[in-house]
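Scope of the values below: all heavy atoms of this structure, side chains included, with no hydrogens, waters or symmetry mates.
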Amino acid sequence: MRMEVILPVSADVSFASNQFPRYKLGPDNQILEEPKEDTKGPSLKEVVEQETMQLSDQHKRLSVRDLASKFDKNLASAAKLAEEAKLREVASLEGHVLLKKLRDALESLRGRMAGRNKEDVEKAISMVEALAVKLTQKEGELIQEKFEVKKLANFLKQASEDAKKLVNQEKSFACAEIESARAVVQRFGEALEEEEKNAQNSKNHAPDVEELIEEVQEARRIKLLHQPSKVMDMEHELLALRKQIREKSIVSVKLQKELAKSKRAEENRSSPYALDGSETLGSCLQLRPKSDVSAPPLSKCSIQWYRVSSDGSQKEVISGANKCIYAPEPLDVGRILQAEIISDGHKASVTTDGPIETAAGLGSYVETLLRKSSSEFNVVISQMNGQDNPSHSVHIFNVGKMRIKLCRGWITKARDIYSASMQLCGVRADCNTAAKALFWQPRKGLSFVLTFESERERNAAIMLARKYAHDCNVMLGGPDDQV
């Protein structure tokens, strides 16, 4: 903190009266009206020295305004941390209920089985019981983590309340000092009024009065200084608490993800179907029946793919994705994919183990393309308006900042600016080149299925088009997509 120099009042100055003279200062600090001598009344020297000592003592106290400002900020931070701890509490999963239902189903199934199938069912029951024990341990760890987070939040709230009490106390001290200063100012005002009446009699004391005025002005510039040690200790304590809460929250989120992954693995294990393929952008996911389980063929089943948020709270239908093969597109990155299979009123589901990950090097490739005004890709028109295209000639798919163009040489198949009627997404049909193909509808009544040379170019074209469309205030996606 900046320290101001305090000039003490001279001890060798004598005063003939306790009132200020009537005078005016002209150019070069010349006195225009000379004071008159007046020997009546006590001296103001003692009063000024006493008030100067009081102001000097005040510099050792805390500055209430600065301290209140810091405490208000710390209190707001404490409230925010408490709210974050409350929002991040992990809700208890109903794992035991699901496991109990699964065990009851297996028990009823065991009564209808015989021989080797019965042994398999008993083995599955033992696995479910072991999973229930593991789930109990996981929930105990989560409860302990929530208890520690709540304890830290309560401690932080108590620290904020103590800070508020300290601020209120310092404010009360400041109010008392203000009242004392007002009384001093009133006394000085009365003394000045009396001095003005007798200013003509104090001619010989003009230099002493001028020096006294300078000393009083220096004394009035003394400000309250605060001691930052208490505030710094509290700030360090708040930082430590915030760090601990952040670490506990990270651990809780990891445990929640592991528990959700274990739950999905258990659901996939009980499903008669499995999911083949890498869970990354540029791959193809394909459903197949398990070899050790008798399940209806997929050709006789109804299939629907969904996008599920990482925490499982939101589930979005992928319109048109109703085949046993699905190629993830950039909109699926960070989300979990789930396929529901319905046959004769029975529903089974298969879920990816984790969220879809982006392809390696795709981000840097897109950043390179964004430096250009437009990007061109070699494509083959596989379908046009839903009909197969017998020609396999190579066309140019041009993605620009304002429009998309499809042409071959000087012949233009389509050229449209970004609009609300335009759709662009990964192809959702059942084909071997699904990971390289995309669906493009420039406008209503005209659509194409384009096949690129590689999966990376297909995904880069989708990302570029959506970025440019967003710059034009257009949300570009597939049918019924929530982008």
Side-chain angles (χ1 to χ4, degrees), residues 277-278 280-285 320-321 323 325-333 356 358-419 421-443 445-472 474 476-479 481:
S278 176
T280 57
L281 193 61
S283 64
C284 235
L285 300 177
K323 304 297 181 181
I325 294 178
Y326 177 73
E329 62 152 287
L331 193 60
D332 300 323
V333 174
I356 300 298
T358 186
L362 180 61
S364 58
Y365 179 57
V366 173
E367 290 293 334
T368 303
L369 296 178
L370 285 173
R371 298 188 183 100
K372 305 177 183 179
S373 59
S374 62
S375 301
E376 294 183 351
F377 303 93
N378 295 329
V379 298
V380 174
I381 301 177
S382 301
Q383 291 183 4
M384 182 173 179
N385 292 330
Q387 301 296 326
D388 293 338
N389 187 21
S391 175
H392 296 285
S393 58
V394 178
H395 290 66
I396 300 298
F397 186 67
N398 184 287
V399 180
K401 294 185 177 181
M402 301 301 296
R403 53 123 178 101
I404 298 178
K405 179 181 177 182
L406 178 65
C407 62
R408 181 189 176 192
W410 56 272
I411 301 175
T412 301
K413 293 285 187 180
R415 180 174 59 188
D416 290 83
I417 63 174
Y418 299 108
S419 62
S421 60
M422 182 180 290
Q423 295 180 0
L424 183 70
C425 64
V427 72
R428 297 165 184 176
D430 191 356
C431 61
N432 295 328
T433 60
K436 299 180 181 180
L438 63 78
F439 169 79
W440 179 44
Q441 176 183 298
R443 55 188 178 274
L446 180 63
S447 63
F448 299 93
V449 174
L450 307 177
T451 302
F452 288 71
E453 294 180 346
S454 64
E455 294 85 355
R456 186 178 76 162
E457 290 189 351
R458 173 254 204 178
N459 295 322
I462 295 176
M463 295 174 68
L464 279 176
R466 287 176 178 168
K467 173 65 172 61
Y468 292 147
H470 184 268
D471 294 340
C472 298
V474 175
L476 191 59
D481 280 347

N/O donor to acceptor pairs below 3.5 angstrom from side-chain atoms of residues 433-443, sequence neighbours left out:
| unit_1 | atom_1 | unit_2 | atom_2 | d |
| --- | --- | --- | --- | --- |
| Q441 | NE2 | S421 | O | 3.3 |
| R443 | NH1 | D416 | OD1 | 2.6 |
| R443 | NH1 | D416 | OD2 | 3.0 |

- With sequence neighbours left out, what residues match T451 under side-chain hydrogen bond (donor to acceptor under 3.5 Å, both in side chains)? S382

- Could you walk me through whether R458 and V379 pass side chain to side chain contact (heavy atoms under 4.5 Å, CB included), step by step? CA-CA 9 Å; R458 173 254 204 178; V379 298; over 6 Å; no

- Query: So how far is it from K401 NZ to L464 CG, rounded to the nearest 0.5 Å?
  - Reply: 11.0 Å

- Message: Rounded to the nearest 0.5 Å, what separates atom OH in Y418 from atom CE in M402?
- Response: 9.0 Å

- Return yes if some donor-acceptor pair links the side-chain N/O of R415 with the main-chain N/O of K405 below 3.5 Å, else return no. no

- Can you name the nearest heavy-atom pair linking V427 to V449, along with the distance? CG2-CG1, 4.0 Å

- Message: Checking K467 now: which residues fulfil salt bridge (Lys or Arg N to Asp or Glu O under 4.0 Å) with it, not counting sequence neighbours?
- Response: D471

- Please indicate whether I417 has more than 12 foreign heavy atoms, meaning atoms of other residues, nucleotides or ligands, lying under 6.0 Å from its CD1. no

- Under the salt bridge (Lys or Arg N to Asp or Glu O under 4.0 Å) test, residues paired with R456 that sit two or more places apart: none

- Task: For the pair R466 and L331, evaluate side chain to side chain contact (heavy atoms under 4.5 Å, CB included) and give the outcome as yes or no after the intermediate values.
- Result: CA-CA 10 Å; R466 287 176 178 168; L331 193 60; 3.5 Å; yes

- Query: To the nearest 0.5 Å, what is the distance between OG1 (T412) and CD1 (I396)?
  - Reply: 11.5 Å

- Query: Can you tell me how far OG of S391 sits from CE of M384, rounded to the nearest 0.5 angstrom?
  - Reply: 11.5 Å

- Task: Quick one: list whatever passes salt bridge (Lys or Arg N to Asp or Glu O under 4.0 Å) with R408, sequence neighbours left out.
- Result: none

- To the nearest 0.5 Å, tell me how far I404 CD1 sits from F397 CZ. 4.5 Å

- Query: With sequence neighbours left out, what residues match D332 under salt bridge (Lys or Arg N to Asp or Glu O under 4.0 Å)?
  - Reply: R307

- Query: Between N385 (side chain) and S447 (backbone), is there a donor-acceptor pair under 3.5 Å?
  - Reply: yes

- Taking atom CZ of F377 and atom CG of L369, what is their separation to the nearest 0.5 Å? 5.0 Å

